[in-house]
Student: 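So that we are looking at the same thing, I have put the structure below in structure tokens.
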Amino acid sequence: MPTVKFSDVLDGFEFASYTGSVENIAYISLNTGSVYLTSSEPEFDAESEIELPADIHTSDRYVAIPSKNDLDLGRDLALSFVRQHLAGDYEVVFDHFRKRGAYARFKKLLDDRNAMAHWHEYQIVETEVALRAWCKDNDIELAD
């Protein structure tokens, strides 16, 4: 198995985690270590400078990089942060996540508590930990 740059895995993760009206998928080639990005947005693939391998969707030689939801880095991560750093607000935030618009209310609470920078730092560290664990579980060797 060739090595994959962690920064390429992180870029693929961020691409796959984009939420909107399109589905984005990032793949790692188990043969070359290359990362390929593809989207349900037809213009994305058409404008891409890198041609996708013909068998990328059917071969077991490509593995899809997970999104933040696949790694529980959305709601669960926010609740974990609040539990550890804003414990007095846990029930309020937990209730926020039962309704639409939860993330906006969560960010407002972070602003109100002057905790936004701490949240971003926490999110970066936990994302890296989760992605490195995913790579290890999938026998993907990383080059830093």
Side-chain angles (χ1 to χ4, degrees), residues 1-87 89-90 92-111 113 115-144:
M1 166 75 190
T3 60
V4 181
K5 289 193 291 186
F6 181 75
S7 62
D8 290 345
V9 174
L10 183 58
D11 288 346
F13 166 80
E14 290 172 354
F15 180 78
S17 296
Y18 172 78
T19 56
S21 60
V22 297
E23 179 183 14
N24 294 329
I25 303 172
Y27 292 97
I28 297 173
S29 167
L30 299 178
N31 292 334
T32 66
S34 297
V35 174
Y36 297 96
L37 308 177
T38 184
S39 177
S40 63
E41 178 68 40
E43 294 165 8
F44 177 84
D45 287 343
E47 294 175 5
S48 177
E49 295 176 12
I50 299 173
E51 188 171 328
L52 294 175
D55 64 343
I56 197 164
H57 298 291
T58 58
S59 174
D60 63 352
R61 299 307 306 156
Y62 302 92
V63 61
I65 297 173
S67 70
K68 69 178 182 179
N69 292 330
D70 297 328
L71 295 179
D72 293 328
L73 295 174
R75 179 190 89 119
D76 291 346
L77 185 64
L79 291 173
S80 176
F81 175 81
V82 171
R83 185 180 301 114
Q84 292 176 37
H85 301 284
L86 302 169
D89 293 311
Y90 183 82
V92 169
V93 174
F94 185 82
D95 285 340
H96 285 336
F97 278 100
R98 291 182 176 179
K99 303 172 205 134
R100 294 184 70 109
Y103 201 70
R105 288 189 299 277
F106 170 63
K107 289 180 97 174
K108 172 138 180 27
L109 181 119
L110 293 174
D111 277 338
R113 303 289 188 267
M116 188 64 78
H118 192 59
W119 160 246
H120 285 298
E121 182 181 311
Y122 181 83
Q123 193 175 28
I124 289 167
V125 168
E126 292 302 315
T127 296
E128 182 171 340
V129 167
L131 273 177
R132 287 183 181 280
W134 177 83
C135 287
K136 185 177 180 181
D137 290 347
N138 286 276
D139 298 321
I140 296 169
E141 188 175 331
L142 293 173
D144 291 321

Student: Does a side-chain heavy-atom distance below 4.5 Å link Val93 with Leu79?
Tutor: yes
Student: Starting at CD of Glu141, measure out to OG1 of Thr3 and round the result to the nearest 0.5 Å.
Tutor: 6.0 Å
Student: Identify, with sequence neighbours excluded, every residue that meets side chain to side chain donor-acceptor pair (under 3.5 Å) alongside Tyr18.
Tutor: none
Student: Counting only N and O atoms by type, is there a donor-acceptor contact under 3.5 Å from the side chain of Arg105 to the main-chain atoms of Arg100?
Tutor: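 Yes: the side chain of Arg105 pairs with the backbone of Arg100.
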Student: Do Ile28 and Asp8 come within less than 4.5 Å of each other through their side chains, counting heavy atoms only?
Tutor: no
Student: Who are the side chain to side chain contact (heavy atoms under 4.5 Å, CB included) partners of Ser59, not counting sequence neighbours?
Tutor: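 Expected list: Asp55, Arg61, Tyr62.
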Student: So which heavy atom on Ala16 is nearest to which on Ser67, and how close?
Tutor: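 Looking at all heavy atoms of both residues, the shortest contact is O-CB, 3.6 Å.
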Student: Are Phe13 and Leu71 packed together at the side-chain level, in the sense that at least one heavy-atom pair is separated by less than 4.5 angstrom?
Tutor: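 Counting from C-beta outward, Phe13 and Leu71 do come under 4.5 Å.
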Student: Do Leu77 and Phe81 touch side chain to side chain, with heavy atoms closer than 4.5 Å?
Tutor: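 Result no, sub-4.5 Å side-chain heavy-atom pair not found.
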Student: Between the side chains of Gln84 and Ser80, does any donor sit under 3.5 Å from an acceptor?
Tutor: yes
Student: Once rounded to the nearest 0.5 Å, what's the spacing between atom CG of Leu30 and atom CG of Asp139?
Tutor: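 The CG atom of Asp139 is 9.5 Å from CG of Leu30, to the nearest 0.5 Å.
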Student: Roughly how far, to the nearest 0.5 Å, is CZ of Arg98 from CZ of Arg75?
Tutor: 9.0 Å
Student: Using side-chain heavy atoms (C-beta onward) and a distance below 4.5 Å, is Thr38 in contact with Ile56?
Tutor: no
Student: Just wondering, do Leu131 and Phe6 contact through their side chains at under 4.5 Å, heavy atoms?
Tutor: yes
Student: Using the test side chain to side chain donor-acceptor pair (under 3.5 Å), find all partners of Asp72 that sit at least two apart in sequence or belong to another chain.
Tutor: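 Side chain to side chain donor-acceptor pair (under 3.5 Å) check on Asp72 returns nothing, list empty.
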Student: Residues two or more places apart in sequence or in another chain: which of them pass side chain to side chain donor-acceptor pair (under 3.5 Å) with His120?
Tutor: none
Student: Identify the two heavy atoms, one from Ala115 and one from Leu86, that lie closest to each other, and give their separation to 0.1 Å.
Tutor: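 Taking Ala115 first and Leu86 second, the nearest heavy atoms are CB-CD1, 4.4 Å.
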Student: Do Leu109 and Asp89 have side chains that get closer than 4.5 Å, going by heavy atoms?
Tutor: yes
Student: Is there side-chain contact between Tyr36 and Glu51, with heavy atoms separated by less than 4.5 Å?
Tutor: no
Student: Would you please name every residue forming a salt bridge (charged side-chain N to carboxylate O under 4.0 Å, His left out) with Asp111, sequence neighbours left out?
Tutor: none
Student: Using side chain to side chain donor-acceptor pair (under 3.5 Å) as the criterion, list what pairs up with Lys108, not counting sequence neighbours.
Tutor: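 In terms of side chain to side chain donor-acceptor pair (under 3.5 Å), with neighbours along the sequence ignored, Lys108 is linked to Asp112.
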Student: Which atom names give the shortest non-hydrogen contact between Ile25 and Glu23, and what distance separates them?
Tutor: CD1-OE2, 3.9 Å
Student: Looking at Gly74 and Asn69, what are the two nearest heavy atoms and their distance?
Tutor: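 Closest approach of Gly74 to Asn69, heavy atoms only: CA-OD1, 4.4 Å.
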Student: As an exercise, state the distance from CD of Glu14 to CG of Leu37, rounded to the nearest 0.5 Å.
Tutor: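 One gets 11.0 Å once the value is rounded to the nearest 0.5 Å.
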Student: Indicate the atoms forming the closest heavy-atom contact of Ala130 with Leu73, along with that distance.
Tutor: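 Smallest heavy-atom distance, with atoms named: CB-CD1, 4.0 Å.
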Student: On a heavy-atom basis, which atom in Asn24 and which in Ser39 lie closest, and how many Å separate them?
Tutor: OD1-OG, 2.8 Å
Student: What about the rings of Phe106 and Trp119, do their centers lie closer together than 6.0 Å?
Tutor: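 For Phe106 and Trp119, the ring centres are under 6.0 Å apart.
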Student: For Lys68, is there any backbone N or O sitting under 3.5 Å from a side-chain donor or acceptor partner on Ser17?
Tutor: yes
Student: Quick one: CD on Gln123 to CD on Glu128, what's the gap to the nearest 0.5 Å?
Tutor: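 Taking CD in Gln123 and CD in Glu128, the distance rounds to 13.5 Å.
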